[in-house]
Amino acid sequence: MSFTSEYLAGVYETVCKRNPGEPEFQQAVREVLESLEPVVAADPSIAETGVIDRIVEPERFIIFRVSWVDDNGKVQVNRGFRVQFNSAIGPYKGGLRLHPSVNASVIKFLGFEQIFKNSLTGLPIGGGKGGSDFDPKGKSDGEIMRFCQSFMTELSKHIGADTDVPAGDIGVGAREIGFLYGQYKRLRNEFTGVLTGKGLTYGGSLARTEATGYGVCYFAEEMLKVMKNTDFGGKTVVISGSGNVALYALQKATALGAKVVTLSDSNGYVYDPNGIDFDIARQIKEVERGRISEYAKRVPTAEYHDGCRGIWSVKCDIALPCATQNEINGDEAEMLVKNGCIAVAEGANMPSTPEAIEKFQTAGVLFGPAKAANAGGVATSALEMSQNSMRYSWSFDEVDSKLHDIMVGIFHNAYDAAAKYGCDGNLVVGANIAGFTKVANAMIAQGVCY
Ligand code: NDP
Ligand code: 2IT
């Protein structure tokens, strides 16, 4: 698709010139700008505020060296990042990703998406993201700790409970948040809610571990109910990934009456026609930190297939991609459509390529975009921040019930915004417009300050 608005075309051209060789960031910006066409058409004066020109440029981007000593006494060097993208509606908020594929483009795409996602939650959080090209796979606990301590030694200069509050993402879970938190506290001598996803003994929130996966299912449940008058009951579900988001999406989809037949990692996928057993999968992935191939060794009805992309050829009613960006391309989307898939809700960030989204939407497949469908994780992080401020903890059911209401609210916010701008049922457009509007209004009200 090319832009109808010359103004938006110009903004996109500037972004591409300013961020050359950053395909993921350009892809994320392009999708949002395309969604804003009806907003600009309805109110061309928005160009004069410069708000769209400003929102695509990070407020601050920090890049730093992270050196640490491995178990053999050898010095290792990684690169650390934190993008503080937008603070119009609250302190910067977003996860930290540790994966060898992390670079400036990946961090900026994630930080940009986070602005709109966080706005959609209805809670006062700005957009940020960070991480490193450090590969946690095969590292000892000691190596992970030394890396995290070195990473936080620099990051601590830039964050704070009212400034920027990081959390987990790929490769960052409870263990890493613990090491990061310990180092921050040691450097600052401050017990404060500077990170979320903390352990329950030191300020963490009940249900944060489950929140992203549960949230995807709550969002999908509302989308199925409102747009197709159906639910998860009796449906076959394909879930990709086998990390934090995938595992808890599996648990909730199963509880809602669906049969989840797959999980994957970057090496391959498992298929179990009887439905994947949550307890066994969690034991292998969360407790033993093993590979998903292990599942097929323990469960006789399951088969393991080498190569993760074959997962999209598995016949299903609902697909929940929960691994990584661009994991479903146009051909794979077409396969899902041909096999009768009726709904896709994105647990991962930007897992569908633009071609895949187009295939889903053209075929009438319900499509819940990441920034709406996976916002439950960061929403619950914001609930953790509230609990830390109050020095109080809510029960699991209290947090889960707020999460449920937030996800239902996000669906309706996106659905209504799409309808208002004549794009009925297009939740990509709806989520982008609804997320944008709140941030843009705050930026305009605060003047040209960045
Ligand atoms: P985890 O590290 O817990 O799990 C990541 C999973 O994705 C693993 O199974 C991993 O397999 C797989 N994966 C990672 N990279 C690739 C790749 N290049 N190709 C294929 N598979 C891959 O991360 P999360 O579950 O936390 O995150 C999953 C997705 O959800 C990410 O896109 C993240 O940004 C998003 N997300 C996470 C939230 C959270 O609260 N944690 C909130 C909102 C979104 P392997 O072990 O082989 O690498
Ligand atoms: O992509 C995301 O929303 C996350 N990784 C969660 C961020 C957070 O601050 O909880």
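As the structure lists them, so they are numbered: ligands from 1, and atoms in each ligand from 1.
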Quick check on contacts: which atoms of ligand 2 are under 4.0 angstrom from a heavy atom of [X]?
X    : answer
A167 : 8 (C), 9 (O), 10 (O)
G168 : 4 (C), 5 (N), 6 (C)
K117 : 1 (O), 2 (C), 3 (O)

May I ask you to check if ligand 1 and [X] share an N or O to N or O distance below 3.5 Å?
X    : value
N374 : no
K129 : no
T212 : yes
S242 : yes
K117 : no

Smallest heavy-atom separation, G310 atom then S313 atom, equals O-OG, 2.6 Å
Taking distance alone, with no angle check, do K93 and ligand 2 share an N/O pair under 3.5 Å? yes
Task: Any protein heavy atom < 4.0 Å from atom 10 (C) of ligand 1 - done: no
For ligand 1, is there an atom lying under 4.0 Å from some heavy atom of [X]?
X    : result
Q325 : no
R97  : yes
K137 : yes

Under 4.0 Å between heavy atoms, the region of S264 that gets near ligand 1 turns out to be backbone
Y181 vs F191 aromatic rings, parallel, tilted or perpendicular, using cut-offs 30° and 60°? perpendicular
- Would you check if the distance from the ring center of F64 to the ring center of F151 is below 6.0 Å? yes
Practice item. Report yes or no: does E113 have a heavy atom closer than 4.0 Å to ligand 2? Key: no
